[in-house]
Amino acid sequence: MGKKYEEQLRHLQIELVKLQRHVISQGKKVLIILEGRDTAGKDGTIKRITEHLSPRDIRVVALPKPSDVETTQWYFQRYAAHLPAAGEIVLFNRSWYNRAGVEHVMGFCTDHEYHDFLRAVPVFETMLAQSGIIVIKYYLDISRKEQQKRLADRHKDPLKQWKISPIDEKALHHFDDYTKARNRMLRETDSAAAPWMVVRAGDKKTARLAIIADLITRIDYKDAEKHELHEDIVCRFDEACLTNGMLAS
């Protein structure tokens, strides 16, 4: 896929530059949320999206665990501070959906906090959309076997040591718990204002191309060129995704 991948990526990245120009000139506010299993490829996807875009007008937000003060605040408060202004694209590498995933599975939040989050987030995201923020959400999924392989690769590669965390080490052990949490999260937080797109991310390069190809269809911009969509890799979430192989069981 080497040369073909690079050619397709270059074409899509040129389209991203056009899209960003439109966002800047029209004062659009774009929020892109990338969620998914550990090692599913969020970092690599974000790198390819931002690689050739103006750094002044695009931000990547990857927040650490909340401080003692932040744990006393309204749950969405620390995320709201990073929302896009006019002319900006903001990518969240994980987001408030931590509460529906790792916090819930690992017991870092109470059941009440978890259920309250699931009720509140569709309302919160609808408010964002009504304020003019374009909310685009991707969930990257991989199989248990692929996750096991990627976690092992991280330990072998000295350039990936920074990606290893105690939470990652427990990902495989809790694979089924994450599956259950994923399914409920997608069902309860998918909405017309902020729909979920699910990504079959077993092949990293294919997934990157598919995500970018989908992303540039979300906003109409001048001189857009036709490109191949990968609907077998990225598709709008519905119940069928849980049974047709799009998402790992």
Side-chain angles (χ1 to χ4, degrees), residues 16 19-20 22-36 38 40 42-43 45-47 49-50 53-140 165 167 181-182 184-199 211 215 218-219 237:
L16 280 172
L19 184 150
Q20 187 186 39
H22 175 79
V23 168
I24 295 169
S25 66
Q26 299 299 311
K28 300 286 187 182
K29 295 179 280 187
V30 181
L31 174 64
I32 304 167
I33 293 173
L34 285 100
E35 291 288 340
D38 293 323
K42 296 179 291 296
D43 294 329
T45 299
I46 289 171
K47 179 179 178 181
I49 291 173
T50 62
L53 299 184
S54 166
R56 289 190 299 268
D57 304 290
I58 191 164
R59 290 185 284 117
V60 178
V61 177
L63 298 184
K65 71 177 184 179
S67 67
D68 289 344
V69 171
E70 287 171 332
T71 58
T72 69
Q73 296 173 343
W74 176 50
Y75 180 70
F76 297 100
Q77 188 166 336
R78 73 189 192 117
Y79 295 102
H82 299 277
L83 292 172
E88 277 193 321
I89 299 172
V90 173
L91 296 100
F92 276 16
N93 186 350
R94 295 197 182 277
S95 64
W96 43 80
Y97 284 103
N98 277 339
R99 175 134 297 176
V102 63
E103 290 187 25
H104 172 59
V105 171
M106 301 306 298
F108 298 153
C109 67
T110 66
D111 285 344
H112 173 75
E113 289 170 332
Y114 169 65
H115 293 300
D116 187 58
F117 170 82
L118 291 176
R119 286 191 297 270
V121 71
V123 178
F124 176 66
E125 290 177 349
T126 297
M127 291 172 64
L128 296 183
Q130 290 174 342
S131 76
I133 296 176
I134 300 167
V135 183
I136 304 170
K137 303 188 298 190
Y138 295 101
Y139 185 92
L140 284 66
S165 74
I167 297 298
R182 175 205 68 194
R184 183 165 186 183
M185 179 191 79
L186 293 173
R187 284 185 179 120
E188 298 196 24
T189 63
D190 179 74
S191 68
W196 275 110
M197 302 299 291
V198 294
V199 184
I211 290 170
L215 174 59
R218 299 315 187 87
I219 301 169
F237 170 74

Testing the basics here: between Val135 and Ala194, what is the closest heavy-atom pair and its distance to 0.1 Å? CG1-CB, 3.8 Å

Side chains of Ser54 and Asp57: is there a donor and an acceptor less than 3.5 Å apart? yes

Pair Tyr97 and Phe117, ring centroids less than 6.0 Å apart: yes

Any Tyr138 side-chain heavy atom under 4.5 Å of Leu140 side chain: yes

Minimum heavy-atom distance Ile49-Leu16, with the two atoms named: O-CD1, 3.6 Å

Full working for side-chain contact (heavy atoms from CB on, under 4.5 Å) between His22 and Ile219: CA-CA 9 Å; His22 175 79; Ile219 301 169; 3.7 Å; yes

Can you name the closest pair of heavy atoms from Asp68 and Thr71 and give their distance? O-OG1, 2.6 Å

Using the six-membered ring wherever Trp is involved, compare the ring planes of Tyr139 and Trp196 and label them parallel, tilted or perpendicular (cut-offs 30° and 60°). perpendicular

Do Lys65 and Phe108 have side-chain heavy atoms sitting under 4.5 Å apart? no

Check whether any side-chain heavy atom of Asp116 lies under 4.5 Å from a side-chain heavy atom of Leu118, and answer yes or no. no

Residue of the set His112, Glu113, Arg119 for which side chain to side chain contact (heavy atoms under 4.5 Å, CB included) holds with His115: Arg119

Sequence-distant partners of Arg184, salt bridge (Lys or Arg N to Asp or Glu O under 4.0 Å), two or more places apart: Glu188

Could you check if a side-chain atom of Arg182 sits within less than 4.5 angstrom of a side-chain atom of Leu186, using non-hydrogen atoms only? yes

Please report the closest heavy-atom contact between Pro195 and Asp190, naming both atoms and the distance. CA-OD1, 3.4 Å

Under-4.0 Å salt bridge between Glu35 and Lys137: no

Does the cation-pi check pass for Arg99 over Tyr75, that is, NZ or CZ under 6.0 Å from the six-membered ring centre and within 45° of its axis? yes

Step through the shown structure and confirm whether more than 12 heavy atoms of other residues, nucleotides or ligands are within 6.0 Å of NZ on Lys28. no

If you take all heavy atoms of Leu128 and Ser131, which pair is closest and at what distance? O-OG, 2.6 Å

Heavy-atom side-chain contact between Ile89 and Gln20 under 4.5 Å: yes

Residue Met127 excluded, over 12 heavy atoms near CE under 6.0 Å: no

Working to the nearest 0.5 Å, report the span between CD1 of Ile136 and CE of Met197. 10.0 Å

Check whether any side-chain heavy atom of His82 sits under 4.5 Å from a side-chain heavy atom of Leu63, and report yes or no. yes

Do Arg59 and Glu88 meet the salt-bridge criterion of a basic N to acidic O distance under 4.0 Å? yes

Check: Leu91 and Ile58 side chains under 4.5 Å, non-hydrogen atoms: yes

Quick check: does any side chain N or O of Gln26 sit under 3.5 Å from a backbone N or O of Val23, one acting as donor and the other as acceptor? no

So does Phe92 get a backbone contact from the side chain of Ser95, meaning a donor-acceptor N/O pair under 3.5 Å? no

Among Ile46, Thr45, Ile33, which residue meets the side chain to side chain contact (heavy atoms under 4.5 Å, CB included) test with Asn93? Ile46

Closest non-hydrogen atom pair between Lys29 and Pro84, with its separation: CD-O, 3.5 Å

Residues which pass ring-ring contact (aromatic ring centres under 6.0 Å, His included) with Phe124, listed by chain and number, not counting sequence neighbours: Trp74, Phe76, Trp96

Give the C-alpha distance, both sets of side-chain angles, the deciding distance and a yes or no for side-chain contact (heavy atoms from CB on, under 4.5 Å) between Val199 and Ile211. CA-CA 8 Å; Val199 184; Ile211 290 170; 3.9 Å; yes

